[in-house]
Amino acid sequence: MYRSQRLALKYLAAAMVLFGLMVVFGILASIYYVHPTFLLNTFNFNTAKILHINTLIIWHLMGFFGAVYWFLPGETGREVEGIALAEIMFWIFCAAVAIVAAVFILVQYGASDEFSLWFINQGRKYVEAPRWAAIGILAVATVFGYNVVASAVKSTRRSGILMVLILDLVPLVVLYLDAFPAMTDMSKDLFWWWWLVHLWVEATWEILIGCIMAWALMELLGTSRRVVESWLYVEVALVLGTGILGLGHHYFWIGTPGYWLGIGGFFSALEPLPLLGMVIHAIYDSGTRHLRAGNRPALYWTLAEAFGNFIGAGVWGFMMTLPQINLYSHGTQWTASHGHFAFWGAYSCGVIAVLYLAVGGSRERKALDGRAWKWSFAMLNLGMLGMVGGLLVAGMDQAFFERALGGSTWGAFIALQHRPWYVEGVWTRMGFGVLFAAGYAMLMYDLLTIGKRRRGEAEEPLKEAAA
Amino acid sequence: MYTRDPAFWRAGAIASTLFMSAVLLILTVNSLDAITPGGSHVPLYDVINHQISYAYDSARGEYVPKIGGRELLFNHQYSEAEAKALIAKGKMVIQSRACMDCHTFFGNGAYYAPDLTRAWIDPVWDEYPGTKRGDAMAAFLMHPFRLGYHEMPNLHLNRAEADAAVAYLKWMSAVDTNGFPNGFGVAQAK
């Protein structure tokens, strides 16, 4: 095994730990919705929320890094260039995450001055990490970029996937610079903030996971490089062709000119197209192999990724993106429903698929099949669907009654808190959140014990795969 | 067939990315002009010296903020420079206390607490008309009281910080947001 792949396993392990913390803070945050004075003035909702969404971002980022470090040596046919530096950066990354989390938990917030922004909390959603830590993330991402580019340059192989990845890393790093400013004008602040949030999550990350899933498909199903690369280019054309101006759906209500209503509505309505393409691709590829692969968990998580991305990001996004609906759905639990489903489908399932591929490639006995992964697969996906459903009911209730009929005032918001559909929705979310957590525990159990369990349970599918 | 050659799809990917990026850049230049204070959609900071309301504009078919006559905040007439400094301080209060991780601004943020886009003109403050409103809101921010089911935590704002946050909310309520939120305050007024 290459050093790069050992580093990949470390990144994937760290990602799984942060995934667990995200679940813990998510359940904690869900309690405030059913019991609003929970830990009031001790550990306020916003602290739980910050920890929930920042662990979300970081575990996915670590998962992506892990995936690329895993596949890169195979792609270039050599050890990753600058691997020693990358190993150091991993520990710096972990230390920085631990310090930031400790400050969020123990200090929470500071006075209204620059010191707070540099060392405690920047208070901008998703990029709350203080500036020193943001510089650290930038350094880690830069070294990661160097590893990829330098390895590609030193290698004699030039693949299309690698070129797409390299070109994608440029905006990925440059857009993160947007984590630093503190503009007074909220309209401008949000204008640029969406360049970071939208063009990461709905553009550059989509391309990044596209490259990762391209490698995964070649390894998992033996799909030909020509087919995978053609699809990747189609995906880039459609994701960026619709997603760049799809940015406009965040510019409906922040003080920007009215033309964004038409542009944002039109292009974001087209955004599900590439995701539909991926579903067709996944069904075709797995169908030609009758759903058989040596690594069944990875295959099922890849399928979950394709469907989850299309339904969670595509369908759920389309449902609320046209301005005539978004005027009422914007900034409600409906948005939270879409956010949970989209992230899970677009990214989490893909990272878990890669995790199973890496485990399959690193353990002595490739004993991957069994009962545990099926239970975790079912519990995680059902838990997510339940949370998404609960939030959708609460969100539609909020859109209709608080927004459309109540006029969005403070009084309308308070009245909403007593409405049965809303209350049922937030309770449902919490309940299914617990199921999701149980699925996470089962996933960890499976990953930690694969190859160490009873021989008979594990070896059967290998024969099947070999036959 | 040419569609079986990845290079065909690569050309499409490059072309669509470059074209859409160019369109985005042009629109960005135009939008930044509109959202600079004093531009077509975002008022100058000294709007806090004026009365602000929200009314239906039948020509546009949506609600828009209306800027009225003089209505001082904290009984002080702010110059544009003074107002800008106060509102910049307000933004630091908002970021340092992570307001956005409970509330939303223009609908962006967390969905745990009310949207603050038009907080300045919320009917809950109707009993504090004119110049009294700023003081009432600042007092609330320093010592939040329970309203219905929810209670806002005490984030230990001093008077200067609370005043700056109130000024921020007053300025923000005058931003033209293409009709968001629709019908704000109308249901209560009926």
Side-chain angles (χ1 to χ4, degrees), chain A residues 32 36-37 40-41 44-46 49-50 109-113 116-117 121-125 128 160 182 184-188 190-191 226 229-230 233-234 236-237 240-241 244-245 252-258 261 327 330-333 335-336 403 405-411 413-414 417-418, chain B residues 6 9-10 12-13 16-17 20-21 23-24 31 34-35 37 41-42 87-89 91-102 104-112 114-115 122-124 147-151 153-155 161 172 175-188:
Chain A
Y32 296 80
T37 49
L40 186 75
N41 291 320
N44 295 319
F45 173 84
N46 58 354
K49 163 97 185 172
I50 288 170
Y109 58 86
S112 49
D113 52 29
S116 295
L117 304 192
N121 189 335
Q122 286 206 72
R124 289 169 85 220
K125 192 182 173 191
E128 287 92 347
T184 298
D185 177 355
M186 187 61 85
S187 295
K188 270 193 184 167
L190 288 172
F191 187 90
R226 186 181 56 75
E229 286 196 349
S230 293
Y233 292 135
V234 173
V236 172
L240 298 183
I244 289 175
L245 289 181
F252 294 163
W253 325 117
I254 64 164
T256 30
L261 299 179
L327 180 59
H330 176 52
T332 63
Q333 299 303 323
T335 318
R403 291 294 171 87
L405 294 176
S408 310
T409 56
W410 195 356
F413 178 85
I414 296 297
Q417 310 301 317
H418 301 282
Chain B
W9 300 106
R10 185 174 61 201
S16 69
T17 304
M20 293 302 170
S21 301
V23 175
L24 177 62
S31 290
I35 61 177
H41 281 60
V42 175
I87 288 167
K89 168 97 176 164
K91 182 69 179 340
M92 293 295 271
V93 175
I94 287 164
Q95 284 193 232
S96 66
R97 299 318 197 274
C99 300
M100 216 177 184
D101 285 294
C102 283
T104 46
F105 293 76
F106 303 143
N108 297 277
Y111 321 120
Y112 181 67
D115 181 63
D122 196 291
V124 80
L147 194 79
Y149 203 42
H150 266 49
E151 183 169 340
N154 187 334
L155 297 168
E161 288 176 323
M172 198 169 70
V175 173
D176 182 343
T177 52
N178 297 327
F180 177 88
N182 188 56
F184 185 88
V186 176
Q188 280 81 1

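Computed from a prediction, not measured in an experiment: that's the story for all the values here. Naming convention: chains lettered A, B, ... in sequence-line order (proteins, then strands); numbering from 1 in each chain.
Annotation: maximal heavy-atom pairing with chain A below 4.5 Å, among B/Ile94, B/Val124, B/Thr104, occurs at B/Val124. Ranked by heavy-atom pairs under 4.5 Å with chain B, the list A/Gly331, A/Gly160, A/Ser116 is led by A/Gly331. Ranked by non-hydrogen atom pairs under 4.5 Å with chain B, the options A/Pro257, A/Gly241, A/Ala182, A/Ala336 are led by A/Pro257. For the set B/Met172, B/Gln95, B/His150, B/Lys91, the count of heavy-atom pairs under 4.5 angstrom toward chain A peaks at B/Gln95. Most heavy-atom pairs under 4.5 Å with chain A: of the set B/Ser31, B/Ala88, B/Gly179, B/Ala110, this distinction falls to B/Ser31. For chain A, the option among B/Cys102, B/Gly12, B/Pro181, B/Cys99 with the highest count of heavy-atom pairs below 4.5 Å is B/Cys102. Contact tally against chain A (heavy-atom pairs below 4.5 Å) for B/Pro37, B/Pro153, B/Ser16: the top residue is B/Pro153.
With a 4.5 angstrom heavy-atom cutoff, A/Leu40 touches chain B only via side-chain atoms. Proximity to chain B is limited to the side chain of A/Glu128, based on heavy atoms less than 4.5 angstrom apart. Both the backbone and the side chain of B/Glu151 come within less than 4.5 Å of a heavy atom of chain A. The contact between A/Phe252 and chain B is made entirely by backbone atoms, counting heavy-atom distances below 4.5 Å. Of the two parts of A/Thr256, the backbone and the side chain both hold a non-hydrogen atom closer than 4.5 Å to a non-hydrogen atom of chain B. Both the backbone and the side chain of A/Tyr233 come within less than 4.5 Å of a heavy atom of chain B. With a 4.5 angstrom heavy-atom cutoff, A/Leu327 touches chain B via backbone and side-chain atoms both. Heavy atoms of A/Thr184 lying under 4.5 Å from chain B belong to its backbone as well as its side chain. At a 4.5 Å heavy-atom cutoff, the contact between A/Lys188 and chain B is made by backbone and side-chain atoms alike. Residue A/Asp185 touches chain B through both its backbone and its side chain, counting heavy-atom pairs closer than 4.5 Å.
Contact record, B/His41 with A/Gly258: NE2-N, 4.2 Å, taken as the closest heavy-atom pair. The shortest heavy-atom contact between B/Val42 and A/Ser187 is CG2-OG, 3.6 Å. When all heavy atoms of A/Phe191 and B/Ile35 are compared, the closest pair comes out as CB-CD1, 3.8 Å. Nearest heavy-atom pair, B/Ala13 versus A/Ala237, reported as atom, atom and distance to 0.1 Å: CA-CB, 3.6 Å. Of all heavy-atom pairs spanning A/Gly110 and B/Arg97, the tightest one is O-NH1, 3.1 Å. In terms of heavy atoms, B/Ala98 sits closest to A/Ile50 at CB-CD1, 3.9 Å.
Classification of the A/Trp253-B/Phe180 ring pair by plane angle, with boundaries at 30° and 60°, yields parallel.
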Give the intermediate values and the outcome of side-chain contact (heavy atoms from CB on, under 4.5 Å) for residues B/Asp115 and A/Ser408.
CA-CA 7 Å; B/Asp115 181 63; A/Ser408 310; 5.6 Å; no
With side-chain contact (heavy atoms from CB on, under 4.5 Å) as the test, would you mind laying out the steps for B/Tyr111 and A/Thr332 before giving the verdict?
CA-CA 6 Å; B/Tyr111 321 120; A/Thr332 63; over 6 Å; no
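Here A/Gln122 contributes atom CD and B/Met100 contributes atom CE; the two are 13.0 Å apart, rounded to the nearest 0.5 Å. Atoms NZ and CG, on B/Lys89 and A/Asp113 in that order, are 7.5 Å from each other to the nearest 0.5 Å. Rounded to the nearest 0.5 Å, atoms CG (A/Leu117) and OG (B/Ser96) are 7.5 Å apart.
Proximity of B/Tyr112 to A/Pro36: side-chain heavy atoms (C-beta onward) are separated by under 4.5 Å at one or more points. A heavy-atom distance below 4.5 Å is not found between the side chains of B/Asn182 and A/Arg403. Counting only heavy atoms from C-beta outward, the side chains of A/His330 and B/Asn108 approach each other to under 4.5 Å. A/Arg226 places a side-chain heavy atom less than 4.5 Å from the side chain of B/Pro6. Within the 4.5 Å cutoff, the side chain of A/Met186 has no heavy atoms near those of the B/Val175 side chain.
Scanning for side chain to side chain contact (heavy atoms under 4.5 Å, CB included) contacts around A/Ile244 gives A/Leu240, B/Thr17, B/Met20, B/Ser21, B/Leu24, with sequence neighbours left out.
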